[in-house]
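Before any comments, here is the structure.
Counting starts at 1 for both ligands and their atoms, following the listed order. Owing to the predicted nature of the structure, the values given are computational and were not obtained by experimental measurement. One is the number of the first residue; the rest follow in order along the sequence.
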Amino acid sequence: MLVLPKGVRHIPGHLDRAAQEALVEEVRAVVQAAPLYVPAMPRTGKEMSVRMTNCGALGWVTDKEHGYRYQATHPVTGEPWPPIPEALLRLWDAVSGHPQPPQACLVNFYADTAKMGLHQDRDEADLSAPVVSVSLGDACLFRVGGTNRGERTVSFRLESGDVVILGGEGRLAFHGVDRIYPSTSALLKKGGRINLTLRRVTKDA
Ligand code: SIN
Ligand code: MN
């Protein structure tokens with residue numbers, strides 16, 4: 001049996017097919033208002049393989065000049081991010097155990113060859129709230145470890161509709177996406193994987 005690091009929860013199939021389809025429509029509307037853009041690594045400016053956008057009061061962005069940060073506006077359009085869809089606020093209430101609503105929802109889009117290196121989510125001032133993440137579309141190989149980079153990691157598949165929660169001792173767990181399994185879901189007509197990550201950012205609000 002796969003033993004997950006402390007504070008890391010995997011809820012397979014949390015969203016049924018109908019809920020996934022409804023959420024994809026919401027994400028489409030978000031992407032129409034706030035187009036996916038190409039994020040770049042701090043300093044080197046190396047482009048990431050995922051495409052990103054956000055919804056919520058704050059969005060996580062990264063570029064060569066200013067690095068990782070949260071901001072209230074889209075880096076390309078300069079517009080405020082669209083609101084977080086109701087269904088995601090309800091999901092947060094159902095699984096987070098946190099009294100305040102999420103302030104940020106990062107939308108990651110993975111094409112067939114995209115991946116994400118092992119990292120911690122630590123640009124948030126408030127680490128008392130968990131990170132709640134939802135997978136839609138093609139499956140991926142997700143990797144998660146402890147709070148130090150050298151620690152043992154475990155890998156498992158995330159399928160469309162799965163939810164992962166990094167909370168408590170697992171809030172700063174290293175995690176990443178090793179690969180996408182193309183054509184494993186018919187949810188997205190053109191394929192690929194969407195990951196939605198809900199977070200609290202500021203200490204009081
Ligand atoms: C992330 O850590 O931002 C994304 C994780 C995922 O795609 O499952
Ligand atoms: Mn992350």
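For ligand 1, the atoms sitting less than 4.0 Å from at least one non-hydrogen atom of Phe142 are 8 (O), numbered in the order shown with element in parentheses. The atoms of ligand 1 that sit less than 4.0 Å from any heavy atom of Val177 are 6 (C), 7 (O), 8 (O). Each of the following atoms of ligand 1 lies closer than 4.0 Å to a heavy atom of His175: 2 (O).
The atom name of the N/O/S atom in Asp121 closest to the Mn ion (ligand 2) is OD1.
Note that Arg193 lies in the cation-pi zone of Tyr110, set by a 6.0 Å cut-off to the ring centre and a 45° limit from the axis.
What sits closest to atom 7 (O) of ligand 1 on the protein, heavy atoms only, is Tyr110 OH, 2.5 Å. What sits closest to atom 5 (C) of ligand 1 on the protein, heavy atoms only, is Asn195 OD1, 3.6 Å. The single protein non-hydrogen atom nearest to atom 1 (C) of ligand 1 is Met116 SD, 3.5 Å, given as residue, atom name and distance. Nearest protein heavy-atom contact of atom 8 (O) of ligand 1 is Arg193 NH2, 2.9 Å. Of all protein heavy atoms, the one lying nearest to atom 3 (O) of ligand 1 is Asn108 ND2, 3.2 Å.
Using a 4.5 Å cut-off on side-chain heavy atoms (C-beta onward), Leu198 and Leu91 make contact. His175 is listed as a side-chain neighbour of Asp121, based on a closest heavy-atom distance under 4.5 Å. Contact check for Arg199 versus Trp60: side-chain heavy atoms found under the 4.5 Å cut-off. Counting heavy atoms from C-beta on, the side chains of Ser128 and Arg171 never come closer than 4.5 Å.
Going from atom CD1 of Ile11 over to atom CD1 of Ile165 covers 4.0 Å, rounded to the nearest 0.5 Å.
Between the NE2 atom of His119 and the NE2 atom of His175, the angle centred on the Mn ion (ligand 2) amounts to 90° when rounded to 10°.
Side chains of Asn195 and Ser133: a donor on one and an acceptor on the other come within 3.5 Å.
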